[in-house]
Each structure stands twice: as structure tokens, then as C-alpha cells.
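Model, not experiment: these values are computed from the prediction. Side chains are part of it too, since the values below use all heavy atoms of this structure and drop only hydrogens, waters and symmetry mates.
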Amino acid sequence: MKLHVTDHNLPRLHLAGTLLVVIVLAIALGTSFLLIGLSEHQRITERLESGFTKKKQERLSNEMAAAIGYLDFLQSRTESALRNATREKVEMAFQTAQVIYDREHGRLPEAEVKQLIREALRPQRFFNGSGYFFIDDLKGHCVLLPTAPEREGSSLWDNQDDTGHYIMRGLVAAATAGGGEGFSTYRWYSPGNPQQMSEKLAFVKVFKPYGWLIGTGDYLQNWHGERLREGIERLRAWKFGETGRFIAIGLDGHLLLQPQWPENEGKHYLSVGTEAQKKVRQQLLDLGKQGGGFIDYPWQTAASPGLSKRTAYVQPYLPWNIVVIATVYEQEMQPAIAAEREAALSSLSSRLPYVALAAGLAIGLAMLASYFFSRWISGQLRTYTHNIDEHARALERQAGELRLASRVFESSREGIIITDPETRILAVNPSFVKITGFSAADVIGKRPKLLASGRHDPDFYRNMWKKIQETGSWSGEIWNRRIDGSVYPEHLDICAVRGENGEVLHYVGTFLDLTERKAAEDRIRQLAEFDILTRLPNRSLFSDRLAQAMALAERESKRVAVFVIDLDRFKTVNDSLGHAIGDEILQEVSLRLRRLVRHSDTVSRLGGDEFAVLLTGLDQPAQTLPVARKILESLSEPYLIREHDLQITPSIGIALYPDNGSDTGTLLQNADAAMYHAKHLGRSNFQFFTPDFNQLATDRLNTENGLRHALTRRELVLHYQPQVELSSGRIVGCEALLRWQPTGGELIPPDRFIPVAEDTGLIVPIGAWVLDEACKQLAAWDADGAAPIRIAVNVAVPQLRQEDFVAHVRDTLLRHRLSADRLEIEVTESVLLDQNERIGTTLEGLLALGVKLSLDDFGTGYASLSYLRNFHFDVLKIDRSFVSELHRNRDDITLIRAIISIARDMSLLTIAEGIETAEQRAILDELGCSLGQGYHFSRPVSAAAMGDLIQRQSSGQGG
């Protein structure tokens, strides 16, 4: 039967259907309430059991936390008690020694007084027989050792425990750092186990009359045992609830606390109890070794022969190597759980009548509400039908308007894109497809960000949308991307289309492609700012970049240099060979200049044959010298133009900001004046606008030129400064120091010519000569019968970069018949920061050869402990800046002590430079420095004078 629905019978059908649905839902609701109640009862029961289990675990955890806290308290008292006991014993020994000294000093020889003190302390024993007194002097010699009297009189300075700790050095350090007394911890063989070391705490005090350390100590494990017994007895008395108790088992399996069977305590768990009990104890011990946790297990109670369930919380206490177990019987919780379960069931039964009444009331109210709702729906239906008719007539009127808008949308030359309020693209016009290459199918449903070029940061788009939200529109230039990946500029207008209530309905964007306009603007800018012939910036653009560079230099406290370059006699080339040849020369000059400068610098053609170079970010005026020299050399090289071999030289003028001008015009004018000064001096040179710096540049060039001939003219000479053992005054080595005495000139100090040699690369041949000359002189001293010493030679970074440097050192040693350990290669801290991998390879090669490596000027700014870890050195040289004020500055003493300590721990030799007084030598010797050099011992002397110093020492005349 087919149901016929009209607007007249629709309300009655709606009412009947609603009533049927309500009745079915009410019945289903009542049934679901009943099922939910049963399910809730089940969940309540499970939750009660879970809650009681959680409470039980929380109780065990709290009891365990309190017990562990108490054990921690006892354990913390261990070392404190031992410290007080050892201090008390040493004070007693100290009083005994003081009494004997006061009574017998002056009456008996000192040796007998010392013997009386030793014999008074030798037999004393305490700490259950493990404690005794020992005496050592501050240099590590044993004075009294009752447990090993055969060691008395010998040095214990280098005794180490199994961790590498120097025992005697630690005792001396504790006393000196603590004002004459202190504690020291180390490991030593315990009487009960002579094959294994145990941790020991000792207290020492300086007995000043003889410079002795009187001390005693004991093993921490002995005192831990006392605390363990005290803790076990506390846990034995600890009870919680009716059945809560503690159990303790050693990690070795011995039962330490078993309240149920105390007669088993002290026995191994495998030797007592039933197999089931052994298995449970094994589980408890394994859980403790794994970090602890909760466990349920069956156990026999004292009151009943049967098994009862027991819950335990297990936790290891590693300081005493035990496992602590807090345990309680399950029956203790069962009565409370049963009572709660009965109460929940009673509550559910009492609610059933109310559920039935609520279901009946719900059905009645639903039927009444459905009747009134059906009548209201009928009225709404009539109103809705009328509105549909009105809307249909309005749509017919709007259709004509939309057809007109569609023709405009399709024919517009501007690209148009329409999105919804969430910026999803709804429509694009043909011009959009033509400009971007994306079809409508490619973009509809997506967001406009697929057109993003990547040239704008997130702030650009954030500000754009902020303005659209505030004003309803945005207009500006933007870069977007076509489908082929190319980017293009466009002028974009975006407006928001809003409804009657102000809500956003659509966003409409219209744009024009600006590619051709931008290209035209670029061509105009090229003509306005760049030279047509050389494609270099012209004078206008150069001045603009100069102004920007000067402003940046002022903010960063840097310098800017301007080079004005004029080609000498260029007019002759133009007049004789024609302007075409001249133009090609100018183009070649521009190419050479661009290759010589950084990307951040600027090369410009000012006009004619005049060029300019802008150097930025300079720290020192001297940084312009290498560039000026390169430009002079490069532009002076021959020009091969159309088979013409032409020689043209430049004249260069240099001005610096802010030294020679504070504005662009003045700076260019002064550079131009310097250029004309260069022409006046004969062309083919460069001149600075500042006369003083001109003199500096001249001096540097003279130094460089003279240094190139210093080897061939035999103007280089080596002087030698002795390196002396501070404790004995014996010469054990010397440092070779380079000097330059130009023919007919004054002696030039190394700080003037060594940097020039490094900059020019001359340091490599000079360094090779120094190494050969030093080894030859060392062999000559050996041949004269002098005592063999070691010689130190300084090596610069460029030498270490040479691939054959290690081979060169090996050949030099073989040529002069010297062993590798007689040569010490000195490098400064700066070599450690060089990233060239060749340097590390070279240093490893020198070590493999057997040559000693020395790190010079340690602590002056570059080195760190990480470098000492990565590079193996044999010697650390303490810089003279730390030594010069040593006798007046406590900070320098602290710093040198730290350096010497680091060197000692890393097995490095220490040499202090710049020792000028006996007081400085004494302080350094006391601090533990091995060697020293400086005017206190000798100034740098010639090879002959150094040989006399060695010979006098060999014959016993020096020292």
C-alpha cells in the first residue's frame, strides 16, 4: 500500500510517528537504566577492590618511604661519626707528641725525641683493632707505619689506590688546604680482605716542630656494619596494622630480619624453610635486585597451617647492599571490601521503582509535547511554502544580473580570483589562467598560497591580512609564482565582500602582470647607475654605496678604504692604437679588479681610465696593504689585445674613513689627491693620504724586501737562552731565538719581521734554516764534550701546513746524527684554532717521530682543556705575563698552581718564562714547576757563550 502525503494529512502523520518513536524510546530508556544500574554495580565492586588494593599499596609505599628515610638517616651518620672518631684519636696522639716534645726537647738529641714519640704511638690500637696511628713528613716519607714498619724511612709519595688516586699526595693536600689539618678519602686493603681495596677515611694534622703529618683512619664498611645492625633492630620493632611487618635480606641471600622465624636470621635463605618458602624468597630477592616493586605471594601464617595471600613492597637499599620488604596479609582488607559490596547492591535495589515511575512520566509528557509540536510544525510548513514561492521569483530576477556579471568576469584583462571566507578558491577567470598558467581545475578548492613565490616572509602576509580585516581591502605589489616555477611581479587588489550583517561572504582579488614594466625600469636603472662599457657601477652608484658603507662602519666601529686608480699613460694607447683597443683594455682592467676583491666590496669606473675600489669592514688600516699590492701587481701584468702586447701600470691613491674624511666627497677628493701624489713619485705605485701611514707602508715594504735577501746575505743569526731545572739550577735545555742583523743596519726585533715573514710565506724557508742551524749547533756542542741538553725551536703555522715538514725534520735529525727526543718543537696556542686538517696530521707525525711538542704562551687566551685533550703535548710553557707579578699578585700564584696541577695530572712538563728574580724562582719551585728560563739565569746569548755555560756546568763550575 502506497502512502499518499499531502499538506493536509502531513501533520497527523507526523504526530502518529512522533508518538510511536517516543514510546519505543521510553521503553528502551527504562531497559537501559536497568542494565546501566547492573553494570554500575559491577564497576563499583571492581572499583572498590581496586581502591582497596591501591590503598594497600599506598600504605606499604608510605611505610617503606619512612623506613628508607630512617636508614638514610643512619647511613648519613656513618661518615660523620667516623670523622669525629678519627679527629678525636688524632688529637689524643697530637697531645701525646706535644707533651713528649715539650718535656724532652733541648734535653735529648732530636733523633731520640722523635723516636720517643714514634714508640709512644706505635702500639696503640683502637676501632676494634683496625685503627692505628701513622706519621709521614710533608714530602711523602714514611716516619711511622705500625702495620708495615719495613716501609718506614721510604717515600710513599707515588703510592696509588686502585682508582689511580695518589694517597700520600692527597693527605698532604688535605692538611695544607685545611690550615694544617684535614680529611682525605682513599682506598686501601682491609685486614679482612687483603686482596681487595675498600674505601677508607683518614684525618691528619701537621705537627709543626718536625713538619710531620700525624693521622689515623678506618674503613667505612666497618662503621656501615654498626649502622646496619642498628637499622635492623629498628625495623624489627616497626609494625603497622595488625599484620604489617618488615623483612630484610642481604643481596648475598642471607636473612637479616625474619620476625616470624628469628632463629633463621644470619642464615642463607636456601638453607632454611620449605621449597615454597625458598622460591618466594628468591622472587623477593630478584625483584629487589631489579629495582623493587609490588608482589603478591602465598605464605603460611603463624596462626594457621594453611596458606594465605600476602602483599609485599620490595625496595633495595644499595648503600648497605640489602633488600627491604614491607609486607601485609590480604585478609586484613577483606572485611571492609565485603561491607562496601553489600552497600552498593542495596543501593541499586532501592532505585528500581523510581526508574519505572520515571519511564512512565516520560512517556506521558512526550505524548503531550508531541501533540503541541505537531500543530506548531503545521503553521511553520505553511509559512515555509509561501517563502519558497517568493524566493523563486527573486532568483529569476537575479539570474539576469548574474549573466551580465559573468560576461564581465570572463572578458576582463585583469586576472580575477574569488574565494570563500576560508580563502578556498571558488572561481578564476581566463586572464588568471593566461597569466599564471594554472587552469581552473588546478586551483579550485585550494588556497592562494600555492601561488606564493617564497620571496616574502610570514610578516608580509600577516600584515596584508591584518589590513584586509581592519579596512576591508589591500592594494600593493607582490611577487607570485607561475605553474612553471618562474616568479613574476604583479599589482594586486584584494577586497572583502560582506553580507547584510557584516559577515564576510567572499574575497575577490584582481591583479595585473608587471613583468614588462619591471624590465623597463631595470633597463632605465642600468643606464642610470652602471657604466655601459665595463658594466661596473658608475660614479653615482659608487657614491651611494660609499655613503652606506660609511654609515655601517660608524655603527660597527670599523674602517672603510677608497682606492682611486688611474692607468699611467693610457692616453698614449688611445691616440696610437685607437679607442677600440683602449675600450678592450678598460674591460680587461675591470675583470682583473673584480677578481681581486670580495663580494662585499665594490669596483667602479668613475670615468675615462679612472677606476675606484671600495673596501668595507676593515679593522686596521694595514688590511689595505695586501689588496693594494695585489692590484698593483695584477694591473701591471701585460695586456694581450688583438696581438698587441701592451704594458700599462696603475697609480693608486688610498684614503680611509674616518681617518681621512667624514663624507663621500671629501674621501674621494683625498683619495684622488693621493693618486696624483703617486703619479708625482714616478707612477706604478700606491700612496696613502695620511703621511704617517705612508711611512708605515714604506717601512713594511722595506722590511719585506730586505727579508727576501736576508738568507742569501747571511744576515740571520740564532741566539740561545738556557732552560734551567728549578730544584737544582742545572741547565737541561735551551731555546733557539731568531735575530736579524741587516748588513750595515740596526738589529731588527723579531716582532717586526716575523709577522711579515708569515704574511709573505718567507717563514717557510727561514724556518727550515732555523731548524737546520739549531740542530747543527746542538751537534757541535756534543762534539765539544758538553753535557747533552735538549734544544727548543719555534715553528709557525705555515710550516706545519707543509706536507713534507715531518720528513724535513726527520732528515735534519739524521743529517746531524741527533736522536728525536733531543729536539723540542714549540707552537703557540693560535695553532690549535687553525681548522686545517694538515696541522693535526703534522703534529701526530712529529709525535710518532719521537720529537717533543711544547705549547708556548699557555693561558694567554686561546687554549682550553679540550685542546689539551685532543692534541698530545709534552711540555706546557707558562707565559711571562703570569710570572712578572708573581711575588706581588696572589691571583697569579693561584693561576700558575692550577696550570701546574693540570700539567701534572696530564703528565706534562712545565716551563716558566720570564723569571727575573730569585724570589720568583723560589715561588715557582715551591708550586711544583719543573723548569724555568729568564734573565735571572741568563739573557739570550750567542752560540759560543751558550757553549761556555754548558761546559762550565759539565766541569762543575756552574750551577
Side-chain angles (χ1 to χ4, degrees), residues 383-522:
T383 303
Y384 178 70
T385 303
H386 176 74
N387 290 339
I388 288 177
D389 294 338
E390 290 293 330
H391 186 63
R393 287 189 290 271
L395 287 177
E396 290 179 1
R397 291 192 301 270
Q398 293 175 2
E401 298 174 0
L402 289 175
R403 284 192 291 271
L404 177 60
S406 175
R407 286 195 292 269
V408 174
F409 181 76
E410 295 292 333
S411 61
S412 174
R413 294 180 60 188
E414 294 182 347
I416 301 176
I417 180 172
I418 302 174
T419 75
D420 63 12
E422 286 74 37
T423 70
R424 287 187 293 268
I425 298 175
L426 301 176
V428 294
N429 71 341
S431 293
F432 172 92
V433 176
K434 181 178 180 182
I435 294 172
T436 66
F438 287 98
S439 67
D442 293 332
V443 298
I444 288 178
K446 300 179 181 177
R447 300 181 186 274
K449 67 180 181 181
L450 64 87
L451 303 173
S453 63
R455 292 194 177 187
H456 304 289
D457 58 24
D459 286 339
F460 174 85
Y461 295 104
R462 192 178 300 114
N463 293 331
M464 180 180 75
W465 281 104
K466 181 180 179 183
K467 186 173 181 182
I468 293 172
Q469 299 300 329
E470 292 175 351
T471 66
S473 64
W474 179 87
S475 179
E477 290 188 5
I478 190 172
W479 286 84
N480 271 340
R481 181 177 62 87
R482 306 183 203 273
I483 193 171
D484 60 2
S486 63
V487 297
Y488 66 97
E490 66 179 36
H491 181 84
L492 174 63
D493 292 287
I494 301 176
C495 67
V497 179
R498 299 183 183 274
E500 295 179 357
N501 298 324
E503 74 280 7
V504 175
L505 302 178
H506 302 286
Y507 292 106
V508 178
T510 60
F511 60 91
L512 283 174
D513 188 354
L514 300 180
T515 303
E516 294 183 0
R517 185 198 299 178
K518 291 290 184 181
E521 291 175 355
D522 289 342

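Two rings, from Y507 and W474, have their centers 6.0 Å or more apart.
Summarising the geometry, atom CG belonging to L426 is positioned 6.5 Å from atom OG1 belonging to T419; distances are rounded to the nearest 0.5 Å. Taking CG of L450 as the start and CG of D442 as the end, the distance is 8.5 Å to the nearest 0.5 Å. Atoms CH2 and CZ, on W479 and R455 in that order, are 4.5 Å from each other to the nearest 0.5 Å. Here CG of L451 is found 11.0 Å from CD1 of I435. Values are rounded to the nearest 0.5 Å. Distance check, rounded to the nearest 0.5 Å: CG of D420 to CZ of R447 gives 7.5 Å. Going from atom CZ of R481 over to atom OH of Y488 covers 10.0 Å, rounded to the nearest 0.5 Å.
When all heavy atoms of T471 and S473 are compared, the closest pair comes out as OG1-O, 3.0 Å. Closest approach of F438 to V443, counting heavy atoms only: CB-CG1, 3.7 Å. Closest approach of Q469 to R498, counting heavy atoms only: O-NH2, 4.0 Å. For the residue pair P421 and L505, the shortest heavy atom distance occurs at CD-O, 3.1 Å. Here the shortest heavy-atom pairing between I478 and F460 reads CD1-CE2, 3.7 Å.
Counting only heavy atoms from C-beta outward, the side chains of I418 and F432 never approach each other to under 4.5 Å. I425 has its side chain within reach of I417: a pair of non-hydrogen atoms, C-beta onward, lies under 4.5 Å apart. Between E414 and D493 the shortest side-chain heavy-atom distance does not fall below 4.5 Å.
Using a 4.0 Å cut-off between charged nitrogen and carboxylate oxygen, D513 and K434 do not count as a salt-bridge pair.
Residues meeting the salt bridge (charged side-chain N to carboxylate O under 4.0 Å, His left out) test with D459, sequence neighbours left out: R462.
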